[in-house]
Trainee: 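Structure provided below as C-alpha coordinates; questions to follow.
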Amino acid sequence: MSQVTHASELTRRRMLQGAAVALTAAAGTVVLGVTGPAGGQATAAGPEASDEFDEVFKGRRIQGRPVQGGGHHHTAGYTVLVDGEELHMMRNADGTWISVVNHYQTFPTPRALARAAVQELQGATLGPLA
(Lines give C-alpha, C1' and ligand atoms only; values in the text may rest on other atoms or scores of the structure.)
Protein backbone atom coordinates (compact mmCIF):
# COMPACT_ATOMS: atom_id res chain seq x y z
CA MET A 1 0.00 0.00 0.00
CA SER A 2 2.79 2.47 0.82
CA GLN A 3 4.34 1.83 -2.62
CA VAL A 4 1.09 2.83 -4.34
CA THR A 5 0.88 6.03 -2.30
CA HIS A 6 4.54 6.80 -3.00
CA ALA A 7 4.11 6.14 -6.73
CA SER A 8 1.05 8.39 -6.95
CA GLU A 9 2.87 11.18 -5.07
CA LEU A 10 5.69 11.01 -7.59
CA THR A 11 3.18 11.18 -10.40
CA ARG A 12 1.49 14.21 -8.85
CA ARG A 13 4.85 15.85 -8.24
CA ARG A 14 5.93 15.25 -11.83
CA MET A 15 2.59 16.49 -13.09
CA LEU A 16 2.86 19.69 -11.03
CA GLN A 17 6.44 20.23 -12.16
CA GLY A 18 5.41 19.74 -15.76
CA ALA A 19 2.50 22.14 -15.35
CA ALA A 20 4.78 24.75 -13.78
CA VAL A 21 7.26 24.46 -16.65
CA ALA A 22 4.45 24.65 -19.22
CA LEU A 23 2.91 27.73 -17.55
CA THR A 24 6.27 29.46 -17.35
CA ALA A 25 6.94 28.76 -21.01
CA ALA A 26 3.44 29.88 -22.00
CA ALA A 27 3.75 33.10 -19.99
CA GLY A 28 7.05 33.90 -21.71
CA THR A 29 5.49 33.28 -25.10
CA VAL A 30 2.50 35.48 -24.36
CA VAL A 31 4.65 38.36 -23.11
CA LEU A 32 7.00 38.16 -26.08
CA GLY A 33 4.36 37.35 -28.65
CA VAL A 34 1.69 39.92 -27.78
CA THR A 35 3.83 43.01 -27.42
CA GLY A 36 5.46 44.65 -30.37
CA PRO A 37 5.68 47.85 -32.33
CA ALA A 38 3.09 46.72 -34.91
CA GLY A 39 0.40 46.75 -32.21
CA GLY A 40 1.52 50.16 -30.95
CA GLN A 41 2.43 48.68 -27.60
CA ALA A 42 5.70 48.84 -25.74
CA THR A 43 8.29 46.22 -26.59
CA ALA A 44 10.39 44.32 -24.08
CA ALA A 45 13.16 46.89 -24.63
CA GLY A 46 10.80 49.81 -23.98
CA PRO A 47 8.86 52.38 -25.94
CA GLU A 48 10.45 53.51 -29.19
CA ALA A 49 10.80 57.03 -30.55
CA SER A 50 7.72 56.35 -32.69
CA ASP A 51 5.76 56.02 -29.43
CA GLU A 52 5.98 59.78 -28.82
CA PHE A 53 2.67 61.49 -28.32
CA ASP A 54 1.40 65.00 -27.73
CA GLU A 55 -2.36 65.37 -27.50
CA VAL A 56 -5.20 66.92 -25.59
CA PHE A 57 -7.21 64.30 -23.71
CA LYS A 58 -10.30 65.39 -21.78
CA GLY A 59 -9.06 68.97 -21.77
CA ARG A 60 -5.58 68.08 -20.46
CA ARG A 61 -2.38 68.14 -22.51
CA ILE A 62 -0.55 64.83 -22.27
CA GLN A 63 2.89 64.25 -23.74
CA GLY A 64 5.21 61.28 -23.81
CA ARG A 65 8.69 60.86 -25.23
CA PRO A 66 11.94 59.00 -24.75
CA VAL A 67 14.53 60.77 -22.62
CA GLN A 68 18.26 60.44 -22.17
CA GLY A 69 19.08 60.76 -18.48
CA GLY A 70 16.99 63.14 -16.38
CA GLY A 71 13.43 62.39 -15.41
CA HIS A 72 12.42 60.13 -12.59
CA HIS A 73 14.80 57.19 -12.09
CA HIS A 74 12.10 54.53 -12.67
CA THR A 75 10.96 55.78 -16.07
CA ALA A 76 13.15 53.41 -18.11
CA GLY A 77 14.21 56.24 -20.43
CA TYR A 78 10.71 57.58 -21.03
CA THR A 79 8.81 60.53 -19.60
CA VAL A 80 5.13 61.46 -19.51
CA LEU A 81 3.85 64.96 -18.80
CA VAL A 82 0.34 66.04 -17.84
CA ASP A 83 -0.12 69.77 -18.44
CA GLY A 84 3.67 70.14 -18.35
CA GLU A 85 4.10 68.34 -15.01
CA GLU A 86 5.97 65.04 -14.90
CA LEU A 87 3.81 62.02 -14.15
CA HIS A 88 6.00 59.76 -12.02
CA MET A 89 5.75 56.29 -13.49
CA MET A 90 7.52 52.98 -13.43
CA ARG A 91 7.99 50.12 -15.86
CA ASN A 92 7.06 46.67 -14.52
CA ALA A 93 9.04 43.54 -15.32
CA ASP A 94 6.27 42.33 -17.65
CA GLY A 95 6.52 45.50 -19.76
CA THR A 96 3.42 47.21 -18.36
CA TRP A 97 3.44 50.64 -16.72
CA ILE A 98 2.15 52.03 -13.41
CA SER A 99 2.11 55.58 -12.04
CA VAL A 100 1.68 57.26 -8.69
CA VAL A 101 -1.87 58.08 -9.74
CA ASN A 102 -2.87 54.50 -10.66
CA HIS A 103 -0.35 52.52 -8.65
CA TYR A 104 -2.31 49.26 -8.51
CA GLN A 105 -3.46 49.24 -12.13
CA THR A 106 -1.17 48.41 -15.05
CA PHE A 107 -1.23 49.82 -18.57
CA PRO A 108 0.32 48.50 -21.79
CA THR A 109 1.72 51.85 -22.99
CA PRO A 110 2.72 55.22 -21.56
CA ARG A 111 -0.11 56.84 -23.59
CA ALA A 112 -2.69 54.55 -21.97
CA LEU A 113 -1.12 55.34 -18.59
CA ALA A 114 -1.34 59.10 -19.21
CA ARG A 115 -4.98 58.89 -20.30
CA ALA A 116 -5.91 56.83 -17.23
CA ALA A 117 -4.12 59.30 -14.97
CA VAL A 118 -6.10 62.19 -16.47
CA GLN A 119 -9.35 60.34 -15.85
CA GLU A 120 -8.36 59.54 -12.28
CA LEU A 121 -7.19 63.09 -11.52
CA GLN A 122 -10.66 64.45 -12.38
CA GLY A 123 -9.27 67.95 -12.91
CA ALA A 124 -6.77 67.94 -10.04
CA THR A 125 -3.20 68.97 -10.83
CA LEU A 126 -0.12 66.82 -10.33
CA GLY A 127 2.06 67.80 -7.42
CA PRO A 128 5.81 67.26 -7.10
CA LEU A 129 7.07 64.16 -5.34
CA ALA A 130 9.74 64.60 -2.70
Side-chain angles (χ1 to χ4, degrees):
M1 186 89 165
S2 65
Q3 288 180 340
V4 171
T5 303
H6 182 65
S8 62
E9 285 178 21
L10 288 176
T11 302
R12 282 189 211 122
R13 182 177 296 142
R14 285 187 182 160
M15 187 172 65
L16 288 173
Q17 286 173 339
V21 169
L23 286 173
T24 302
T29 302
V30 169
V31 168
L32 295 175
V34 170
T35 59
Q41 294 190 6
T43 63
E48 302 300 324
S50 63
D51 291 338
E52 288 187 43
F53 61 92
D54 186 345
E55 67 184 45
V56 175
F57 179 76
K58 295 195 175 207
R60 310 289 292 270
R61 184 174 184 196
I62 57 173
Q63 301 168 287
R65 63 182 174 267
V67 291
Q68 296 294 326
H72 192 256
H73 67 279
H74 292 298
T75 60
Y78 202 87
T79 191
V80 167
L81 304 172
V82 176
D83 295 332
E85 295 294 327
E86 183 178 9
L87 173 64
H88 293 270
M89 58 187 217
M90 185 174 75
R91 184 92 189 258
N92 293 318
D94 66 357
T96 59
W97 297 86
I98 59 173
S99 75
V100 296
V101 176
N102 307 77
H103 199 74
Y104 297 105
Q105 189 175 7
T106 61
F107 300 91
T109 64
R111 181 187 305 245
L113 177 81
R115 288 177 174 174
V118 165
Q119 288 180 325
E120 188 68 28
L121 285 168
Q122 299 178 5
T125 58
L126 286 173
L129 289 179

Trainee: Can you tell me how far the NE2 atom of H103 sits from the NE2 atom of H88, to the nearest 0.5 Å?
Mentor: 13.0 Å

Trainee: Answer whether the closest heavy-atom distance between the side chains of I62 and L87 falls below 4.5 Å.
Mentor: no

Trainee: What's the spacing between T79 OG1 and M89 CE if we round to 0.5 Å?
Mentor: 6.5 Å

Trainee: Between N92 and D94, is there a donor-acceptor pair closer than 3.5 Å when you use the side chain of the first and the backbone of the second?
Mentor: no

Trainee: Determine the minimum heavy-atom distance between P66 and E52, stating which atoms define it.
Mentor: CD-CG, 3.5 Å

Trainee: Work out which heavy atom in I98 is nearest to a heavy atom in Q105; give both atom names and the distance.
Mentor: CG2-O, 3.5 Å

Trainee: Looking only at heavy atoms, which two atoms of W97 and L113 are closest? And how far apart?
Mentor: O-CD1, 3.9 Å

Trainee: Can you name the salt bridge (Lys or Arg N to Asp or Glu O under 4.0 Å) partners of E55, sequence neighbours left out?
Mentor: R111, R115

Trainee: Write down the atom of V80, the atom of A114, and the distance for their closest heavy-atom approach.
Mentor: CG1-CB, 3.7 Å

Trainee: Taking the side chain as C-beta and beyond, is there a heavy-atom pair between P110 and F53 under 4.5 Å?
Mentor: yes

Trainee: Taking all non-hydrogen atoms of both residues, which atom of A112 and which atom of F107 are closest, and how far apart?
Mentor: O-CD2, 3.9 Å

Trainee: Go through it in stages, so that I can follow the logic: the residues are T125 and D83, the test is side chain to side chain contact (heavy atoms under 4.5 Å, CB included), and I'd like the CA-CA distance, side-chain angles, deciding distance and then a yes or no.
Mentor: CA-CA 8 Å; T125 58; D83 295 332; 5.8 Å; no

Trainee: Might you work through the side chain to side chain contact (heavy atoms under 4.5 Å, CB included) test for L81 and R65, ending with a clear yes or no?
Mentor: CA-CA 9 Å; L81 304 172; R65 63 182 174 267; 3.7 Å; yes

Trainee: Measuring from atom CG of L121 to atom CD of E85, what distance do you get when rounded to the nearest 0.5 angstrom?
Mentor: 11.5 Å

Trainee: Which pairs count as salt bridge (Lys or Arg N to Asp or Glu O under 4.0 Å) when at least one residue sits in residues 98-110, sequence neighbours excluded?
Mentor: none

